[in-house]
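Whatever order the structure lists ligands and atoms in, that order sets their numbers, starting from 1.
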Amino acid sequence: MAFESLANRLQKVFSKLRGKGKLTEDDVSEALREVRLALLEADVNFKVVKEFIAKVKERAIGQEVLQSFTPAMIVVDIVNKELTELMGGSQSKLARSNRPPTVILMVGLQGAGKTTASAKLARMLLQQNHRPLLAAGDIYRPAAIKQLQVLGEQIKVPVFTMGDQVSPVEIAKNALQHAKDHGNDYLIVDTAGRLHIDESLMDELKQITEAVKPDEILLVVDAMTGQESVNVAESFHKQLTLSGVILTKLDSDTRGGAAISVKAVTGCPIKFVGMGEKMEALEPFHPERMASRILG
Ligand code: GDP
């Protein structure tokens, strides 16, 4: 389960608090100290934790809370609401252009799960009765094109390819024309990743952006890399103005720091989470449900 240790720790802190009945200011401060430690150990960004605890404290230490009949419940409720807010408040939906096709550019570093997420997203759109087209633009990673073709066949979504000898910009442009000609209402362009962020990667992505004017630029990041994924998101966002993040491998992430801090650090919402290698393992990200999952 994702967030295992964080969820366990927070549940312990709050059950202790509930066991106390009436609460003093010190009880709440003590509990929040433990929440702070738990969040830091979950690899949540330090500044984010600091601001979060300050906000919760401000709301939780008032007389109305302490003198109420169920102070612990109110404190948990405040934590729940602030955690939801931190992760973006409400669900952030996928864009839909009123001049189809809606163009979605998938960007990210190699191994983050970009190709897999592209296919998963296409499958989800197909299930919602859309007519997605996938475009294979990752010409640098050996076998990335083949991988997308195999997945496309599996999920019954067409894959546009021009091989690996044509520039990704040309591939994207041609794919867009192909989508228009064939009545595809969504175009998902899988772009090339690199091992690290470098200028040539960003230049290429900017050129593709210029050429096909995407409605969505979704960054795919690996939840298991914790704060590193948040830093990656920050760098991409500065250069490309992302519209959202897909956080992959949340099924294997026991800490949860990335899910909690990405929005707060970058201002960019998480739109989907990857919950496994299978094609159906993609879920819309619901901040409120995620907060409840963490708090138990
Ligand atoms: P790309 O280089 O970014 O295109 O990465 P791939 O899409 O090839 O994915 C890299 C590896 O991560 C593959 O083995 C995928 O099966 C795996 N993967 C992708 N998404 C998830 C996920 O949500 N959960 C898990 N457990 N594995 C994933």
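Between the side chains of Q227 and N231, not a single donor N or O lies within less than 3.5 Å of an accepting N or O. Judged by distance alone, the side chains of R141 and Q147 do bring a donor and an acceptor atom under 3.5 Å apart. In summary, the side chains of T115 and D190 do present a donor paired with an acceptor at a separation below 3.5 Å, with no hydrogens or angles considered.
Under 4.0 Å is where a charged nitrogen must lie from a carboxylate oxygen, and between K81 and E288 no such pair does. Using a cutoff of 4.0 Å between basic side-chain nitrogens and carboxylate oxygens, K20 and D27 are scored as salt-bridged. Under the 4.0 Å criterion applied to side-chain N and carboxylate O atoms, E41 and R255 are not assigned as salt-bridge partners. A salt bridge links E216 with K271: the closest approach of a Lys/Arg side-chain nitrogen to an acidic carboxylate oxygen falls below 4.0 angstrom. Using a 4.0 Å cut-off between charged nitrogen and carboxylate oxygen, E85 and K55 do not count as a salt-bridge pair.
Considering A112, A192, G111 only, the shortest heavy-atom separation from atom 2 (O) of ligand 1 involves G111. Comparing E277, M224, M275, K249 against atom 12 (O) of ligand 1, the shortest heavy-atom distance belongs to K249. Considering only non-hydrogen atoms, atom 1 (P) of ligand 1 lies nearest to K114 out of K114, M106, Q147.
For atom 26 (N) of ligand 1, the closest non-hydrogen atom of the protein is D251 OD2, 2.8 Å. Counting protein heavy atoms only, atom 7 (O) of ligand 1 is closest to T116 OG1, 2.5 Å.
The shortest N or O to N or O distance between Q110 and ligand 1 is not below 3.5 Å. Every N/O-N/O distance between L250 and ligand 1 stays at or above 3.5 Å. Looking at G276 next to ligand 1, an N or O pair under 3.5 Å apart turns up. Polar contact check, T248 against ligand 1: no nitrogen or oxygen pair lies under 3.5 Å apart.
Only the backbone of L109 comes within 4.0 Å of ligand 1, judged by heavy-atom distances. Of the heavy atoms in E283, none comes closer than 4.0 Å to ligand 1.
When each atom of ligand 1 is checked for a heavy atom of K120 under 4.0 Å away, the hits are 20 (N), 22 (C), 23 (O). Close contacts of ligand 1 with G274, meaning ligand atoms under 4.0 Å from a residue heavy atom, involve 23 (O).
With sequence neighbours excluded, the residues that form a side chain to side chain donor-acceptor pair (under 3.5 Å) with D198 are S200.
The closest approach between S252 and ligand 1 falls below 4.0 Å for a heavy atom of the residue.
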